[in-house]
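Just so it is clear, the values below take in all heavy atoms, side chains as well, and ignore hydrogens, waters and symmetry mates. Protein chains get the first letters and strands the later ones, always in sequence-line order, with residue 1 at the start of each. All figures in this text were calculated on a predicted structure; none of them were measured in a lab.
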There are 2 protein chains.
Amino acid sequence: MSRLKQITEAVRDAGSLGVADLATMTGASEMTIRRDLEVLAAQGVLERYRGGARSLLLRGEEPPFALRSDENTDAKRRIAAAVAALIADGESVVLDSGTTCLEVARLLHDRRLTVMPLSLHAVNALSSSSTLTLLVPGGRPRPGELALTGPLTLASLQALRFDTAVIGCCGLSAAHGLTAFDLEDASVKRAAITSARRVIAAVDASKLTRTALAHVAPVSALHAVVTDADGDDGLTAAGVTVVTA
Amino acid sequence: MSRLKQITEAVRDAGSLGVADLATMTGASEMTIRRDLEVLAAQGVLERYRGGARSLLLRGEEPPFALRSDENTDAKRRIAAAVAALIADGESVVLDSGTTCLEVARLLHDRRLTVMPLSLHAVNALSSSSTLTLLVPGGRPRPGELALTGPLTLASLQALRFDTAVIGCCGLSAAHGLTAFDLEDASVKRAAITSARRVIAAVDASKLTRTALAHVAPVSALHAVVTDADGDDGLTAAGVTVVTA
DNA sequence: AGTTTCGAACATCACTCGTGTTCAATCACG
DNA sequence: CGTGATTGAACACGAGTGATGTTCGAAACT
């Protein structure tokens, strides 16, 4: 686990912590801790005060993109590979934001497809491809996450029909369906689902038990769920194809 | 001048050249030349054949973005600074594609503005800003240039009104007005101009004498031209404010 | 068949990035 | 107002990275 993530969690759990404590805990020098705190403060994770920092992460809120991106990479890669295998050449695909979908984007780089990613991270991962047709949706990128949201994004989605939507989400359960932390994100995801003939949800195991704030769609809107765990959680019973990567 | 640019020009001027010739000319090893040719071939600049390469650049065509980006940086920076000085805090700005406008984007990073860049390069330069509101237009990014074009881009522009449009162009003259190499680009520029109350053209000296294929707008559509040369070329006579950086 | 060209693999070098150390300036608190 | 803790700028160091050169077996052209 990266030191930044370690600091983030320690400060979140303790509420606030001193620089010296963090230095002891991580084995790094105080100067390095200060530099780390500066980075995390810029990301909005915590707030600095003289001698330490206090957490700004609310419970049930997502840590910023930069911290999630190199976490659980194995599971993400396997899920991404399984998702990519479900997509046939020539399809048009709308690709959700989030770290799991970013992995999917990397695997699609040399495929022959039409892809509209909903996050600038994925756009950048794909912009050097010469084989696929890249479509950028309009919108306002959310800081850090770089997920595109807002009326321009919704308009871009409504103007098009896709073969497949690949949706990454913050929570999924048979009872509450697909849920997201951010209200704007939720409406974008909903628009993406509406514009697609087939919907694939890419969900790592940690999301299967969780439920987030904003409702996106019921489980019945999904055609397939790709996950890395065995826990089925009643999804199969609800009529969804569950693919275990 | 970078070795890649040197090779590009030598091959363009000679039509085709051998690897050994290029190695002698640049002082690099043949292996390095081969690697360079591979890069340039991927950019569509030239075509490789056994023993050398032949140019694919048509006369009057623009070299790819990667080769233009670190060329004439002084002039570009000065022009960009002058353009940035013309923009007041709080404005909404649409920012054209191209290397000059990318420099403008860098200068706007910490300003308080609403900015819609028409190229992904500029989007990336601005996406880490916490002070400005970044709007991404939809569209299909042109390979290399990453300029957004197509119906999604036009729709994004038509949906909004800007205070200022900053346009970079391929050619500008009092007689033929603003011209661009690419037809798609031309219609995007035209839409950007139509959506803006004030239009600033950022043009380095080399463009002032040139005329490109596609007509964008007459000189009368411009409110100010920022350039680095003294040559006025009848623009002032046509009623345009010329700012010399 | 012989010669040339090519590109994969490895070595080398410069450069960057992250980290640690030092120290003067700054801040908080008695 | 003074004293000790904290901070951040500046420099040093080491690991990792990217560009270049060299070698050599394979492939291609004549």
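OP1 or OP2 of dG8(D) has not a single side-chain nitrogen or oxygen of Arg34(A) nearer than 4.0 Å. Look at Arg48(B) and you'll find a side-chain N or O under 4.0 angstrom from OP1 or OP2 of dC6(C).
Side-chain contact check for Thr26(A) and Gln6(A): no donor-acceptor pair (N or O, by modelled atom type) lies under 3.5 Å.
By the side-chain contact (heavy atoms from CB on, under 4.5 Å) test, Glu9(A) pairs with Met1(A), Lys5(A), Arg12(A), sequence neighbours left out. Here Cys169(B) pairs with Leu172(B), Leu178(B), Val203(B) under the side-chain contact (heavy atoms from CB on, under 4.5 Å) rule; sequence neighbours left out. Applying the side-chain contact (heavy atoms from CB on, under 4.5 Å) test to Thr211(B) and every residue at least two apart in sequence or in another chain returns Ser173(B), His176(B), Thr179(B).
Put simply, the side chain of Arg142(B) never gets that close to the backbone of Asp185(B): no donor and acceptor are under 3.5 Å apart.
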- Item | Summary of protein contacts for nucleotides 11-30 of chain D, nucleotide by nucleotide, where a base hit scores B, a sugar-phosphate-only hit scores S (4.0 Å, heavy atoms) | ---------BBB----BBS-

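Salt-bridge formation is detected for the pair Arg106(A)/Glu103(A): a Lys NZ or Arg NE/NH1/NH2 atom is positioned less than 4.0 Å from an Asp or Glu carboxylate oxygen. A salt bridge does not link Arg34(B) with Glu38(B): none of the charged nitrogens is closer than 4.0 Å to a carboxylate oxygen.
Rounded to whole Å, the distance from CD on Glu38(B) to C1' on dC6(C) is 11 Å. Atom C1' of nucleotide dC27(C) and atom OH of Tyr49(A) are separated by 15 Å, given to the nearest angstrom.
When each of Lys207(B), Arg68(B), Arg210(B) is tested with Glu62(B) by the rule salt bridge (charged side-chain N to carboxylate O under 4.0 Å, His left out), just one qualifies, namely Arg68(B). Val83(B) pairs in a side chain to side chain contact (heavy atoms under 4.5 Å, CB included) with only one of the listed residues (Val93(B), Thr100(B), Val226(B)), which is Val226(B).
To the nearest 0.5 Å, the span separating OG1 on Thr133(A) from CG on Leu113(A) amounts to 9.0 Å.
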Just the table, please: protein N/O against nucleotides 12-14 of chain C N/O, every pair under 3.5 Å.
none

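Between the two ends of the helix from dA1(C)-dT30(D) to dG30(C)-dC1(D), each summarised by a five-pair axis, the helix axis turns through 30° (rounded to 10 degrees).
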